[in-house]
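A short write-up of the structure that comes next.
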Amino acid sequence: MFIVRQLPVFKFDGLIAFCSEIRERYLWHTPIVAGILKDSMFHLLEKRIADAFAAHVPRPVQTEQPKQTSFGEIAVPAAFQLARTLKKPPKVIAAELAEAVGKIPGVASLEIAGNGYINVRLDRGAYAVAALKQEASAGSGTADKVIVEHTNINPNKAAHIGHLRNAVLGDTFVRMLRATGQTVEAQNYIDNTGVQVADVVVGFEHLEHKSAAQVHALIADPAVRFDYLCWDLYARTSQYYAAHPEAIEWRKDTLHKIEHGEGETATLAHTVADAIVRAHLTTMYRLNIEYDVLPRESEILHLQFWATAFEQLKERKAIYLETEGKNKGCWVMPSSAFRQGVEDEASAEDSKVIVRSNGTVTYVGKDIAYQLWKFGLLGKDFFYRLWHTYPDGHKVWASTTEAQTGAPNFGGGTRVYNVIDSRQSYLQDVVVAGLNALGYAAQAEASIHFSYEMVALSPRTCIEMGIELSDEDKKRPYVEVSGRKGLGVKADDLIDTLIAKAFDEVSSRNAEQSEASRRAVATRIAIGALRYFMLKYTRNSVIAFDFGEALAFTGETGVYVQYATIRTRKIVRKFLDSGQAMPDFASVLTAEAMARQLADETCWQCLLDASKMEAAIERAVASGEPSHVARYAFQLAQSFSGFYDKFQVVTEPDAEKRAFLLWLTTYFNQQLERTLQVLGIEVPDYM
RNA sequence: GGGCGCGUAGCUCAGGUGGAUAGAGCAUCAGCCUUCUAAGCUGAGGGUCGUAGGUUCGAGUCCUACCGCGCCUACCA
């Protein structure tokens, strides 16, 4: 069953492992086994209320959440919409509506407020009991597969912070989809035959005069950061081209040899690319990011994916051979295919070249072939070999040209998300236009450019790093830096800096712990801070990377959420340490008892906040916005921090209240841990 | 020129399907550690939501125009 593949998403290694022994002895309130979120309790109530009103209202009923908590939990603005047609004041209509609807299960009362709102107050006791009894559902996932392609770093140098945003966004989206029951395949496309790899090979061969054996030795040398070395070498090669334009011939020659698999140069290119891919996967694994499959450009070439796609494109007349103008001799796609509103003035000059006049295919062409394969429309498949087994047992496969056994089925998705920055939207449009021109309208519709804005550097950070800025750059909110010049912040450097800072903080608070333990804690804090930082911004907001902000451990950060989660665990631990027995929540906390305790407004708001986790994730998936999950996590942590400050759980004298507070703590814990799991953030043992 | 995106507090950003008094974090100021409690909590100040029109009972949100900024608009990937 596909659910097996999804299980790793929800491994509750936090409180659940910590409390496994408690679960043996006492009835744990919520069996946490399945990896799929149940339908949102809150959302179901909203629907029930809308349905109740729908019988009395001639149009779809909308519900909203009031801005002020004192107005109740759900508001129905239907009276405003009816006021015009009925020609009656909204307030009168609202009163009549509320009367007509009568009693709704789970709802305590309907109130008319303002000039016509119907505010709904929920039955707090019933709501709490539902939360208490909520069981993880087995899920109703479909067999349809969603493909998410992300990371896609050119394998010619170390990863930088821009790549981190891509990978964290992509990985979190994968987790979100899996949490809502979908089957997801995470693909990381490797362009191992492009000019970027060629340039590093040129650097090794022509600037460094190194043999393949010598490069091998560099890769094998644990004292050498090969991806960092290539970072510098790539920058040097780019500079050399600028100073010696004739050297561009080296690149052409190298590119040709790589594409045709000729001699030592091609071998060297493969060696370099593979080593860099291993470095990238290691970097990403530090951030809890894993992949299922690595489709590589070299196999797209050798298995003639493009040739097959080319035939289809020609046959369906999606592209044509240009006979005049600047694109003479090229196979091009007319701009009318991928640009709206240019039909009339569409000129051949605007057409997109798919095959160059020398017969070689452009990147977009190969991307069309790849996209066809993702949907199972190419009529061809890669062969696969095991690339790596992660410490948790998960396997990642890479494409290969030789038949091998044991690999799962890859590709053939029904929906495809390409996590690619917004600068490439033009190329993504061309790919989609290709599908459309081939007659695959449904797949074109299901090809989603999951775009995001770039990560630039704040002027302050540029200055800190010794990057020279013009006076006008200094006034900008952000500065885009060039990887070709070797500028930018390397991913591993940032992670190392974060860990070092977290380690100092952890050590100052927990000097008694072993160094290894403190380092493990610091690592989780650093990764949590980094992932949260990359997720807190909406996708189309440019991140002006600033060391000061990225290193912040207070305020709206992953650290804050981790800290709140640790506090939930700590309460349970202290409770057990105090010698008290874990209450049987289900029998102690009846609807009446819940209602008594939830008369306290703070407790009620806490319960509401925590119960909205599923709804928050559903909404984030629907809007394709991982930042919504991050924001929800922060709000939930804030809610708990208030609770933590206001109530004493362990020493609460009243038995019923104590049991209630303890239950609410465990509920908070469950929702926080699940949310962090979706964000790919682990909780340290202590902080 | 065309396409996409952005413009909300001193700074960085949120603001599902138009709705009630526009919210967070940072920074500033004033308080809170014998506690499950300071990577935290409470409070204060801080806003012509780029500008001008329009639609609507109602606009930060939708429409139009304009201003400013960014990215894209390669026989590079």
Side-chain angles (χ1 to χ4, degrees), chain A residues 60 62-68 71 75 77 80-81 83-84 89-90 113-117 119 154 191 193-198 297 326-332 335 339-342 345 350 352-358 360 362-364 366-367 421-427 429 451 453-454 456 458 476-478 480 502 505-506 509 525 529 536-538 540-544 546 548-549 552-557 559-560 562-564 566-575 577-578 619-620 622-623 625 627-628 631 634-635 638 641-642 644-652 665 687:
Chain A
Q62 312 204 330
T63 60
E64 53 190 64
Q65 292 178 38
K67 293 207 165 164
Q68 276 188 51
F71 290 156
F80 294 112
Q81 296 160 350
R84 201 170 183 197
N115 41 3
Y117 271 103
N119 287 334
N154 274 308
D191 180 8
T193 62
V195 288
Q196 302 222 26
V197 171
E297 179 122 322
K326 66 166 184 162
N327 294 333
K328 187 179 177 184
C330 299
W331 285 88
V332 303
S335 61
R339 280 282 181 262
Q340 293 168 353
V342 295
E345 71 239 57
D350 295 331
K352 178 64 195 170
V353 172
I354 306 296
V355 179
R356 303 182 187 101
S357 53
N358 66 3
T360 59
T362 60
Y363 172 77
V364 193
K366 283 179 279 195
D367 219 19
D421 80 75
S422 63
R423 285 173 292 192
Q424 302 203 46
S425 61
Y426 169 68
L427 296 174
D429 287 347
S451 75
E453 274 290 349
M454 64 178 169
S458 72
R476 292 178 204 269
Y478 53 84
E480 188 181 1
E505 296 281 342
V506 172
R509 292 170 167 81
I525 290 172
K536 71 193 275 193
Y537 301 93
T538 51
N540 52 12
S541 164
V542 176
I543 295 181
D546 185 272
E549 284 175 27
F553 288 161
T554 61
E556 197 201 331
T557 61
V559 178
Y560 180 92
Q562 288 173 320
Y563 192 66
I566 282 187
R567 283 172 151 182
T568 62
R569 293 180 180 181
K570 206 189 253 177
I571 290 175
V572 175
R573 190 182 297 146
K574 288 276 183 182
F575 182 86
D577 285 352
S578 74
R619 195 155 58 81
S623 59
E625 193 52 88
S627 68
H628 290 342
R631 296 216 165 247
F634 178 66
Q635 284 164 17
Q638 267 188 322
S641 293
Y644 191 75
D645 196 60
K646 183 169 177 181
F647 299 103
Q648 292 285 312
V649 179
V650 176
T651 58
E652 167 58 43
T665 303
M687 281 175 80

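Here is how names work: the chains are called A, B, and so on, in the same order as the sequence lines, proteins then strands, and each is numbered from 1. As the structure is a prediction and not an experimental result, all values here were calculated from the model.
For E453(A) and C69(B), the CD to P distance is 17 Å, given to the nearest whole Å. If you measure from atom CD1 of I543(A) to atom P of U12(B), you get 14 Å, rounded to the nearest angstrom. Put simply, NZ on K326(A) is 9 Å from C1' on C75(B), counting in whole angstrom units. In this structure, the OH atom of Y644(A) is 6 Å from the P atom of A38(B), given to the nearest Å.
As rounded to the nearest Å, C63(B) and G18(B) have C1' atoms that lie 13 Å from one another. As rounded to the nearest Å, G15(B) and C6(B) have C1' atoms that lie 15 Å from one another. Between A9(B) and G46(B), the distance separating the two P atoms is 14 Å to the nearest Å.
Residue contacts shown for N119(A) include a base, since a base heavy atom lies under 4.0 Å away.
Residue-to-nucleotide contacts include no donor-acceptor pair under 3.5 Å from the side chain of N327(A) to the base of A74(B).
With sequence neighbours excluded, no residue forms a ring pair (Phe, Tyr, Trp, His ring centres under 6.0 Å) with Y563(A). Partners of F553(A) under the ring pair (Phe, Tyr, Trp, His ring centres under 6.0 Å) rule, at least two apart in sequence or in another chain, do not exist in this structure. Residues that satisfy the ring pair (Phe, Tyr, Trp, His ring centres under 6.0 Å) test with Y644(A), not counting sequence neighbours, are F640(A). For Y478(A), there are no ring pair (Phe, Tyr, Trp, His ring centres under 6.0 Å) partners two or more places apart in sequence or in a different chain. By the salt bridge (charged side-chain N to carboxylate O under 4.0 Å, His left out) test, K366(A) pairs with E297(A), sequence neighbours left out. Under the salt bridge (charged side-chain N to carboxylate O under 4.0 Å, His left out) criterion, E480(A) pairs with R423(A), sequence neighbours left out. Residues meeting the salt bridge (charged side-chain N to carboxylate O under 4.0 Å, His left out) test with R567(A), sequence neighbours left out: none. With sequence neighbours excluded, the residues satisfying side-chain contact (heavy atoms from CB on, under 4.5 Å) with S541(A) are Y537(A), T538(A). Judged as a salt bridge (charged side-chain N to carboxylate O under 4.0 Å, His left out), and not counting sequence neighbours, the contacts of E556(A) are R631(A).
Distances were taken from every side-chain heavy atom of E549(A) (C-beta onward) to each of A38(B), U17(B), U12(B); the shortest belongs to U12(B). When each of U73(B), A39(B), A38(B) is scored by its nearest atom to the side-chain atoms of V559(A), the top-ranked nucleotide is A39(B). In this structure, the nucleotide among U37(B), G70(B), A39(B) sitting nearest to the side chain of Q648(A) is U37(B). Which of C75(B), A20(B), U73(B) sits closest to the side chain of S357(A) comes down to C75(B). With G16(B), C41(B), A74(B) as the candidates, the nucleotide lying closest to the side chain of Y560(A) is C41(B). Minimum atom distance to the side chain of T538(A) is reached by G15(B), of the listed G15(B), A39(B), C71(B). In this structure, the nucleotide among C75(B), C71(B), A39(B) sitting nearest to the side chain of V353(A) is C75(B). Closest to the side chain of N540(A), from the set C72(B), G5(B), C41(B), is G5(B). Listed nucleotides: A20(B), G15(B), G70(B). Nearest to the side chain of H628(A): G15(B).
With RNA chain B read from its 5' end, the first of the two nearest nucleotides for V355(A) and K574(A) is the one closest to K574(A). Ranked by how close their nearest RNA chain B nucleotide is to the 5' end, A113(A) and D645(A) are led by A113(A).
Glycosidic torsion of C57(B) falls outside 90° of 0, placing the base in anti.
Annotated stems with RNA chain B as a participant read B:1-7 with B:67-73, B:10-13 with B:23-26, B:28-32 with B:40-44, B:50-54 with B:62-66, given as range with range, by first number; only runs of 3 or more Watson-Crick or G-U pairs under 3.5 Å qualify.
At A14(B), one or more side-chain N or O atoms of S541(A) fall inside 4.0 Å of OP1 or OP2 (strictly under the cut-off). Distances shorter than 4.0 Å separate some side-chain N or O of R476(A) from OP1 or OP2 on G70(B).
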Summary of protein contacts for nucleotides 21-27 of chain B, nucleotide by nucleotide, where a base hit scores B, a sugar-phosphate-only hit scores S (4.0 Å, heavy atoms): B--SSS-

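Remark: the backbone N or O of I354(A) is paired with a side-chain donor or acceptor of T362(A) at under 3.5 angstrom. Side chain of D546(A) to main chain of E549(A): a donor-acceptor pair is present (N/O by atom type, distance under 3.5 Å, no hydrogens or angles).
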Measure all distances between protein nitrogen or oxygen atoms and nitrogen or oxygen atoms of nucleotides 55-57 of chain B, and list the pairs falling under 3.5 Å.
| residue | atom | partner | partner atom | Å |
| --- | --- | --- | --- | --- |
| C57(B) | OP1 | R84(A) | NE | 3.0 |

